[in-house]
There are 2 protein chains.
Amino acid sequence: MDESTTAGASGSEGHQGRLSDYVYESLKDQLTRGAYSPGKKLPIRTVAETLGVGSTPAREAINRLVFEGALVMSGPKTVIVPYLDLAGLYEVTQMRLALEGLAAEKGAANATGETVETLLKLQEKISLSLDEKRYRDALHVNKEFHFTIYRLCGMPHLLSTIEALWLRVGSSFHDLYPEFAEQRYGVHNHMVAIEALAEGEASFVRAAMENDIRDGYRRLKKAAMSRVGHRAAPSG
Amino acid sequence: MDESTTAGASGSEGHQGRLSDYVYESLKDQLTRGAYSPGKKLPIRTVAETLGVGSTPAREAINRLVFEGALVMSGPKTVIVPYLDLAGLYEVTQMRLALEGLAAEKGAANATGETVETLLKLQEKISLSLDEKRYRDALHVNKEFHFTIYRLCGMPHLLSTIEALWLRVGSSFHDLYPEFAEQRYGVHNHMVAIEALAEGEASFVRAAMENDIRDGYRRLKKAAMSRVGHRAAPSG
DNA sequence: TTGTGATTTTTGTTGTAACATAATTGCAAT
DNA sequence: ATTGCAATTATGTTACAACAAAAATCACAA
């Protein structure tokens, strides 16, 4: 790069390694936080200038997110944050049930006492976050809870595919914030999962996690349906 | 592009649309045909010059394939065709069972008499190809057979994920050619699937397809194990 | 006010050069 | 012969400019 120092100077962020990855992680972070409202356009040059990098890494990151389904194309040269779509939500949920169910059951076989300890601590964090209405934190720890179980199976390909699915639905989570605390999302299923894990009942762990996914689906579905009316006029 | 006509002239291929896609499809095609032996390096400039394009579309296509798992990085700046790996093969097989099982069962619910006709014709083609030892054709029609069923479920995201899995194992198929005809790969399972489909027994269709995947896994596994000895010295 | 066509602006794609670093080669010492 | 290190080559990454096409804007007429 002929101006490698410029990016660091103008952006002043403490990143290292490939700029493509930096842009990718930045956008991914914003998306999973629901910072972008559905329909928002993300042109290459705008993203590049915002993050103080050239158009090449910005383009690569955006294309990667489009490929993953975290962003969608509304036209031949227009990339936007996807609208919540009932059919797509159903699809992703079915895939999540299949793959996360698999990961949970396989992972449960490798659980240790330490795993149970970790999960209990994470669940406490979730409850505390819900109490204090720190929804973003709750969401973050909730993800950590799931993947703590899934990671046990030792299948990195499976893990990355599941992460891609989370990224796909992630941009819809901001609709859940209000209801998130009141419904004590996931508390019951998580406790059941922990108990089953401690008892070595792998299939029960799977069922608990699947129920958790289904419960989340019902909430996302409601949010999606309530927005169908607003979707006719995508104002960008 | 400042020399858009150069690419078309030098390559003289009849492609249109994005050059990235052209490179991607070309490489994908070579990989699924087993044209590249595991360990082969694929540098950006080499691929670009071979196909008569700039380095940008070549880079994008290669990165995409790496992301999909069809190519792997053996070092920080070295992309190679992946070696057959037992653990990875197991992973992909588990994922295939989960997702293709899902697609088969959901798809079976939407099957029609026409579907059965199509599948029977495809199966005839497979048998004919096996008789005449046209393994590549058999492999191609075999894929068409599977996806004819999977497409019925009407879940494009699921379909594309399954396709990515096929691409991952695709580069290993060339090891199967000799045994392919003798074992009449997939014939029995396919016929069971067709019958179950005609009778509307969705779960039986799923089971038949899953058995087909397991049978293929056993063969790929044998090929992988027989090559472990040669893998210590990746000659490139 | 609304629809339609032309004009202007925006934007994705691609080739290229420069740079840093990984990969390779060559050489010398043991 | 083999190992370790230095020099050389090869290669991925990035910024940038030019181009084509899409998107937005605008003007004008119904």
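All chains are named by letter (A, B, ...) in the order of the sequence lines, taking the proteins before the strands, and each is independently numbered beginning at 1. None of these values were measured; they are calculated from a predicted model.
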Just N and O in the side chain of [X]: are any of them under 4.0 Å from OP1 or OP2 of [N]?
X: B:Arg59; N: D:dT14; value: yes
X: B:Thr78; N: C:dA23; value: yes
X: A:Ser55; N: D:dC16; value: no
X: B:Lys41; N: C:dA22; value: no

Out of [options], whichever nucleotide has its closest atom nearest the side chain of [X]:
X: A:Arg18; options: D:dA15, D:dT13, C:dG15; result: D:dT13
X: B:Pro57; options: D:dG12, C:dT13, C:dT14; result: C:dT14
X: B:Arg45; options: C:dA23, C:dA18, C:dT11; result: C:dA18
X: B:Pro43; options: C:dT13, C:dT14, D:dG12; result: D:dG12

> Is B:Arg59 salt-bridged to A:Glu60, going by a charged N under 4.0 Å from an acidic O?
Replying inline: yes

> Does the side chain to side chain donor-acceptor pair (under 3.5 Å) test come out yes or no for A:Tyr217 and A:Gln94, once each step is laid out?
Replying inline: CA-CA 10 Å; A:Tyr217 168 68; A:Gln94 292 297 319; over 6 Å; no

Specify the separation, in whole Å, of atom [atom1] of [X] and atom [atom2] of [N].
X: B:Ile62; N: C:dT14; atom1: CD1; atom2: P; answer: 14 Å
X: A:Ile44; N: D:dC16; atom1: CD1; atom2: C1'; answer: 14 Å
X: A:Ile80; N: D:dA23; atom1: CD1; atom2: C1'; answer: 14 Å
X: B:Leu71; N: D:dG12; atom1: CG; atom2: P; answer: 12 Å
X: B:Met73; N: D:dA10; atom1: CE; atom2: P; answer: 19 Å
X: A:Glu49; N: C:dG12; atom1: CD; atom2: P; answer: 11 Å
X: A:Glu60; N: C:dT14; atom1: CD; atom2: P; answer: 14 Å
X: B:Tyr22; N: C:dT13; atom1: OH; atom2: P; answer: 18 Å

> Between atom NE2 of B:His146 and atom CD1 of B:Ile162, what is the distance when rounded to the nearest 0.5 Å?
Replying inline: 10.5 Å

> Excluding sequence neighbours, so at least two apart, what forms side chain to side chain donor-acceptor pair (under 3.5 Å) with B:Thr115?
Replying inline: B:Thr112

> 5'-most contact on DNA chain D: A:Pro76 or A:Asp21, nearest heavy atom basis?
Replying inline: A:Asp21

>> Counting C-beta onward and ignoring hydrogens, is there a side-chain heavy-atom pair between A:Arg151 and A:Thr148 closer than 4.5 Å?
In response: yes

>> Quiz question: going by heavy-atom distance under 3.5 Å, is there a donor-acceptor pair between the base of D:dA21 and the side chain of A:Lys77?
In response: yes

